[in-house]
2 protein chains.
Amino acid sequence: MPRTARQPVEVAAVKQKILDVALDLMLTEGFTALSMRKVAAHSSMTAANIYNYFSNKDEIYLAIQTRGFEMLLERFAVIAQEVMPPLSKIKALIRAYLDFGLQHAGLYEIMFTRNTPKFADYVGTPLEPTAAVEKNTALQLAALAAQVISDLISTRPDLKGLDPAYQTVQLWTALHGIVSLYNSRVLQEADEQYTATMERLAADLLRPFEDGASDSRRKKNRNSKDPNANRRSSNAE
Amino acid sequence: MPRTARQPVEVAAVKQKILDVALDLMLTEGFTALSMRKVAAHSSMTAANIYNYFSNKDEIYLAIQTRGFEMLLERFAVIAQEVMPPLSKIKALIRAYLDFGLQHAGLYEIMFTRNTPKFADYVGTPLEPTAAVEKNTALQLAALAAQVISDLISTRPDLKGLDPAYQTVQLWTALHGIVSLYNSRVLQEADEQYTATMERLAADLLRPFEDGASDSRRKKNRNSKDPNANRRSSNAE
DNA sequence: CATATTAAATGAACGCTGTTAATTAAATGC
DNA sequence: GCATTTAATTAACAGCGTTCATTTAATATG
């Protein structure tokens with residue numbers, strides 16, 4: 001008797017359209033400009049109608065978050081598939097992360113610093129599958145980074161004891177600290193030479209992977225089988 | 001003829017009262033609960049009246065931010081004045097920072113991750129002196145940490161080349177990365193053993209101050225004059 | 001003391017926000 | 001064509017930061 005419902009693919013298209021607009025607004029006008037009414041206007045519909053596709057604004061945040069992870073993952077994947085020494089790959093990943101974080105500060109904020117909904121908030125709810133996509137994408141990121149780090153470790157006998165997963169988290173938290181403090185403009189206040197400092201910080205992130213930098217991370221003993229490591233720069237200053 | 005104006009100390013008391021309420025609301029109910037009307041209600045006045053004491057909400061954020069820095073500075077000062085080995089002091093500072101960040105997540109957010117107004121936003125405005133207090137408190141924090149680090153370096157010949165200011169920033173960004181990712185609950189998603197990981201991360205922050213860990217931190221990056229850095233990995237792939 | 005003058009506080013309003021409910025418009029099967 | 005279901009809209013609510021006109025309160029002077 002009645003009007004027939006649209007194909008699932010059509011309703012998905014509308015959802016996608018909304019998300020495209022939302023992400024675009026987020027990237028161009030920043031976090032604060034993201035309102036339901038603005039998204040609706042740019043999508044040629046009413047704010048209320050968005051609630052036929054998303055249960056609330058948080059769900060849109062979740063989707064944007066996922067897109068952010070996908071964007072970063074894409075950059076990472078390009079680097080990962082290139083043929084180059086593992087250490088250079090790590091360096092490239094670091095650079096990509098920093099660039100992404102500074103370039104898309106608003107998006108980065110949603111992903112990592114804002115109290116936007118996370119996967120754990122949706123377990124047991126109808127949206128758990130959607131949230132699982134977000135978590136999965138993020139984990140792919142970590143796995144990819146861990147793989148590159150693992151590659152390096154396996155080709156470097158002096159790094160044999162390192163745990164790729166831990167090294168990944170360590171690198172990640174350090175990178176995030178730099179990006180987040182920069183984007184909140186606190187770093188600029190505390191250090192006038194913040195640009196040079198950031199470069200140096202980035203370079204120092206490779207320190208765990210330097211010559212013979214392995215063992216104290218491994219377990220306890222670290223009495224120097226490599227005493228000549230720091231002899232070179234005695235002329236500094 | 002007219003009604004006489006209140007003593008500056010009286011109007012300052014009202015301002016203080018407002019800030020007390022605002023900080024209390026922030027600490028107890030979180031960032032989102034901080035509205036002008038709520039602050040006003042808890043201060044037995046109207047929202048509009050707050051604008052006789054603060055020009056806008058941002059100015060309240062700025063003040064709360066300052067209070068946050070003062071709170072953290074107080075914790076740091078207690079540790080700094082204690083008599084103990086420099087390395088233990090650094091360890092205690094690290095612990096204090098982490099505790100503060102996790103304990104007062106909302107306040108920490110205003111100080112370091114939110115896009116709340118910073119000193120640079122007020123140069124040339126009537127509020128520059130107020131903002132200068134904020135910046136000054138933050139710089140005292142950094143100076144205090146740098147002093148402790150400097151103490152350590154001066155008592156340890158093997159660390160002679162380290163720059164206390166840079167070490168401070170490095171430590172700070174790393175700590176912030178941990179706190180921020182934890183508070184945004186992303187770390188918990190990516191690493192199920194996040195508690196143990198955080199402990200390990202905190203411990204590893206002392207790595208630059210380990211035995212003979214000095215020199216490559218001392219000056220520039222050395223990629224151009226050091227072609228043998230990644231020679232060992234020529235067998236990769 | 002009464003009054004004019006000023007200070008402090010208020011009430012009301014504006015435009016915005018996220019969200020819900022009632023209503024309308026549109027499309028389809030019988 | 002009609003009944004029925006879907007999709008979209010309009011209207012409204014409560015709250016937000018902020019501004020402005022108004023009221024309340026206090027005081028120095030005639």
Side-chain angles (χ1 to χ4, degrees), chain A residues 1-19 21-22 25-26 29-65 106 110 114-117 121 125-127, chain B residues 1-19 21-22 25-26 29-65 106 110 114-117 121 125-127:
Chain A
M1 335 141 180
R3 168 181 188 175
T4 182
R6 286 174 301 186
Q7 304 278 7
V9 75
E10 296 184 74
V11 46
V14 178
K15 288 187 69 168
Q16 197 56 46
K17 164 75 178 251
I18 294 172
L19 289 183
V21 168
L25 262 175
M26 165 91 281
E29 303 188 20
F31 182 89
T32 54
L34 194 67
S35 80
M36 299 299 266
R37 284 176 176 82
K38 275 191 191 172
V39 171
H42 286 76
S43 306
S44 308
M45 63 175 64
T46 307
N49 196 33
I50 296 184
Y51 289 82
N52 290 328
Y53 299 90
F54 298 92
S55 61
N56 50 37
K57 199 182 182 185
D58 271 0
E59 203 178 320
I60 293 185
Y61 281 147
L62 186 67
I64 289 185
Q65 208 174 350
I110 288 187
R114 283 264 175 170
N115 228 17
T116 44
D121 302 322
T125 75
L127 279 85
Chain B
M1 327 142 178
R3 170 179 187 175
T4 183
R6 285 174 302 186
Q7 304 279 7
V9 75
E10 295 184 74
V11 46
V14 178
K15 288 188 69 168
Q16 198 56 46
K17 164 76 178 253
I18 294 172
L19 290 183
V21 169
L25 262 176
M26 166 90 279
E29 303 188 20
F31 182 89
T32 55
L34 194 67
S35 81
M36 299 298 266
R37 284 175 174 82
K38 276 190 190 170
V39 171
H42 285 76
S43 307
S44 308
M45 62 174 67
T46 305
N49 195 32
I50 295 184
Y51 288 82
N52 291 328
Y53 300 91
F54 298 92
S55 61
N56 50 36
K57 199 182 182 185
D58 271 0
E59 203 178 319
I60 293 184
Y61 281 147
L62 187 67
I64 289 184
Q65 208 174 349
I110 288 187
R114 283 266 174 168
N115 228 17
T116 44
D121 302 323
T125 76
L127 279 86

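What you see below is based on every heavy atom in this structure, not just the backbone, and it leaves out hydrogens, waters and symmetry mates. Small disclaimer: the values here were computed from a predicted structure and weren't measured. Each chain gets a letter, A, B and so on, in the order the sequences are listed, and its residues count up from 1.
The shortest heavy-atom contact between Arg37(B) and Ala47(B) is CG-CB, 3.8 Å. Here the closest heavy-atom approach between residue Leu62(B) and residue Pro117(B) is recorded as CD1-O, 3.8 Å. Nearest heavy atoms, Met36(A) versus Asn56(A): CE-C, 4.4 Å.
Counting to the nearest Å, the P atom of dA7(C) and the OH atom of Tyr53(B) are 13 Å from each other. Computed from coordinates, the Met45(A) CE to dA7(D) P distance equals 12 Å when rounded to whole Å. A straight line from CD1 of Ile50(A) to P of dA7(D) spans 16 Å, rounded to a whole angstrom. Here dT18(D) presents its C1' atom at 12 Å from CD1 of Ile60(B), a figure rounded to the nearest Å. Atom-to-atom, CZ of Phe54(B) to C1' of dT19(D) comes out at 18 Å; the value is rounded to the nearest Å. Computed from coordinates, the Asn49(B) CG to dA25(D) P distance equals 14 Å when rounded to whole Å. In this entry the distance linking CD of Glu10(B) with P of dA26(D) reads 12 Å, nearest Å. In this structure, the CZ atom of Phe31(B) is 13 Å from the C1' atom of dC16(D), given to the nearest Å.
Of the inter-residue distances, the one linking Tyr53(B) atom OH with Glu59(B) atom CD reads 13.5 Å to the nearest 0.5 angstrom. In this structure, CG in Leu34(B) is found 5.0 Å from NZ in Lys57(B), a value given to the nearest 0.5 Å. Rounding to the nearest 0.5 Å gives a distance of 13.5 Å between OG1 of Thr116(A) and CD1 of Ile60(A). With rounding to the nearest 0.5 Å, the separation of CZ in Arg114(B) from CG in Asn115(A) is 7.5 Å.
OP1 or OP2 of dT27(D) has not a single side-chain nitrogen or oxygen of Arg6(B) nearer than 4.0 Å.
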Protein N or O to nucleotides 15-19 of chain C N or O, pairs below 3.5 Å:
unit_1  : atom_1 : unit_2   : atom_2 : d
dT17(C) : OP1    : Ser35(A) : OG     : 3.0
dG18(C) : OP1    : Met36(A) : N      : 3.3
dG18(C) : OP1    : Lys57(A) : NZ     : 2.7
dG18(C) : OP2    : Met36(A) : N      : 2.9
dG18(C) : N7     : Arg37(A) : NH1    : 2.7
dG18(C) : O6     : Arg37(A) : NH2    : 3.0
dT19(C) : OP2    : Tyr51(A) : OH     : 2.8
dT19(C) : OP2    : Lys57(A) : N      : 2.8
dT19(C) : O5'    : Tyr51(A) : OH     : 3.2
dT19(C) : O4     : Arg37(A) : NH2    : 3.4

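Axis deviation across the helix from dC1(C)-dG30(D) to dC30(C)-dG1(D) amounts to 40°, comparing end segments of five pairs, rounded to 10 degrees.
Side chains of Leu19(A) and Lys15(A) form no contact here, defined as non-hydrogen atoms less than 4.5 Å apart.
Side-chain rings of Phe31(B) and Tyr61(B) approach one another, their centers coming within less than 6.0 Å.
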